[in-house]
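Take a look at the structure set out below.
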Amino acid sequence: MEKVRLMIVEDEKVVRKSLATLLGMEQDIEVVAEAGDGKSALARAKEQLPDVILMDINMPEMNGIEATARIKRDLPNTAIVILTVMQDDASLFNAIKAGATGYVLKDSFPEDIVQAIHAVHRGEGLLPPSLVSRVLHEFTRVSQQKEELTELFTQLSHREIEVLQLVAQGKRNRAIGDELFISEKTVKNHLSNILCKLQVNDRTEAAVLALKHGLVNG
C-alpha cells in the first residue's frame with residue numbers, strides 16, 4: 001500500500017506532536033516532516049516533497065497563508081489542508097486563494113482529519129459551506145476581469161503591442177525607438193495611443209496590465 005506522505009506545520013509543539021503520533025498510527029499515512037513556523041515549513045517541504053501538508057494559519061516567522069502560497073508556487077502537486085482552531089472565514093478564504101484545498105479544525109476527530117488528508121490527496125476540495133459562495137464569486141469576478149482585459153488588448157495594433165512589451169521590460173522611449181527602428185517621437189505617439197486604448201494614466205499602469213495579460217513575463 002502506497003502511503004500518503006504527510007507534513008505537519010503547527011507552532012504549538014504539543015498539538016504538532018500529538019497529531020504526528022495519531023496520524024502516524026494510520027497504515028496509509030507516513031509523517032515525513034514537521035515544522036513549527038512557515039519559514040521552516042518552506043525548507044522542510046522542499047527537502048521531503050510531501051503529498052499533503054497540514055498547515056496552521058497563525059505562526060511566527062511566516063504565517064500559514066504566505067507559506068501556502070510559496071509552497072504551492074514551488075511544489076504545485078503538494079496538497080495543503082488548513083489546520084485551524086475556528087472557522088475564520090476571512091483567513092480561510094485567503095488561504096484558499098493562496099492554494100489550499102481544504103480545512104480541518106484542530107479539535108476534529110482523528111478520523112475526520114484522516115478523511116480530509118485522503119480527500120485532498122485525491123484532488124478533492126473540502127470547503128466550509130460559508131466559503132463556497134465567496135470562492136465562486138471571486139472566480140467569477142476574476143474571469144470577468146480577464147475578459148475585459150482581453151477586449152482592451154484586441155484594440156492595440158501589432159506595433160503598439162511591440163512598444164508595450166518593451167515598456168513593460170522597463171525600456172525608455174529612446175531605447176524602444178532604437179530597437180524597433182523608429183523615431184522617439186513615433187514611440188511617444190504609439191505610447192499615447194496605448195494609454196488611451198487601455199484606459200490607463202501612465203506607462204507604469206500600462207506595464208502592469210501587460211504583465212497581467214501575459215505579454216511579458218514578470
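On a predicted model such as this, the values are computed, not experimentally measured, just so you know.
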Check: Do Thr21 and Ser18 have side-chain atoms, one donor and one acceptor, less than 3.5 Å apart?
Finding: no
Next item on the list: Give a yes or no on whether Val104 and Val9 share a hydrophobic cluster (residues Ile, Leu, Val, Met, Phe, Trp, Tyr; joining criterion: side-chain heavy atoms under 4.5 Å apart).
Entry: no
Notebook entry, point to check: Should the heavy atoms of other residues, nucleotides or ligands under 6.0 Å from CD of Glu111 be counted, would the total exceed 12?
Noted result: yes
Note to self: Quiz question: by atom type and distance under 3.5 Å, do the side chains of Asn173 and Arg203 form a donor-acceptor pair?
What the structure shows: yes
Check: Below 4.5 Å, heavy atoms only, C-beta onward: do Ile29 and Arg5 meet side chain to side chain?
Finding: no
Notebook entry, point to check: Should we say atom CG of Asn58 is surrounded by more than 12 heavy atoms from elsewhere, each under 6.0 Å from it?
Noted result: no
Next item on the list: Identify, with sequence neighbours excluded, every residue that meets salt bridge (Lys or Arg N to Asp or Glu O under 4.0 Å) alongside Glu179.
Entry: Lys171
Checklist line | Side-chain heavy atoms of Met62 within contact of Arg70, under 4.5 Å | finding: yes
Next item on the list: Would you indicate whether Arg174, at its atom CZ, is surrounded by more than 12 heavy atoms from other residues, nucleotides or ligands within a distance under 6.0 Å?
Entry: no
Notebook entry, point to check: So do Ile182 and Arg159 actually touch side chain to side chain, heavy atoms under 4.5 Å?
Noted result: yes
Check: Run the side-chain contact (heavy atoms from CB on, under 4.5 Å) check on Val114 and Leu23 step by step: do they pass?
Finding: CA-CA 7 Å; Val114 170; Leu23 297 173; 3.7 Å; yes
Check: Which atoms form the tightest heavy-atom contact between Lys197 and Glu160, and what is the distance?
Finding: NZ-OE1, 2.9 Å
Note to self: To check you understand the geometry: which heavy-atom pair defines the closest contact between Thr68 and Ala100, and what is its length?
What the structure shows: CG2-N, 3.7 Å
Next item on the list: Give me the one residue out of Val32, Leu19, Val15 that meets side chain to side chain contact (heavy atoms under 4.5 Å, CB included) with Ile8.
Entry: Leu19
Notebook entry, point to check: Do Asp37 and Ser40 have side-chain N/O donor and acceptor atoms under 3.5 Å apart?
Noted result: yes
Next item on the list: Evaluate the side-chain contact (heavy atoms from CB on, under 4.5 Å) criterion for residues Leu6 and Ile117: first the C-alpha distance (whole Å), next the side-chain angles of each, then the deciding distance (0.1 Å), finally the verdict.
Entry: CA-CA 8 Å; Leu6 175 70; Ile117 291 168; 3.8 Å; yes
Next item on the list: Take Leu83 and Glu10 through the test side-chain contact (heavy atoms from CB on, under 4.5 Å) and record every step on the way to the result.
Entry: CA-CA 8 Å; Leu83 191 62; Glu10 161 63 54; 4.1 Å; yes
Checklist line | Close side-chain approach of Lys72 and Ile80, heavy atoms under 4.5 Å | finding: yes
Margin query: Filter on salt bridge (Lys or Arg N to Asp or Glu O under 4.0 Å), then keep only pairs touching residues 52-63, sequence neighbours left out; what's left?
Written below: Asp56-Lys106
Next item on the list: Decide yes or no for Met55 and Val81: does some side-chain heavy atom of the first lie under 4.5 Å from some side-chain heavy atom of the second?
Entry: no
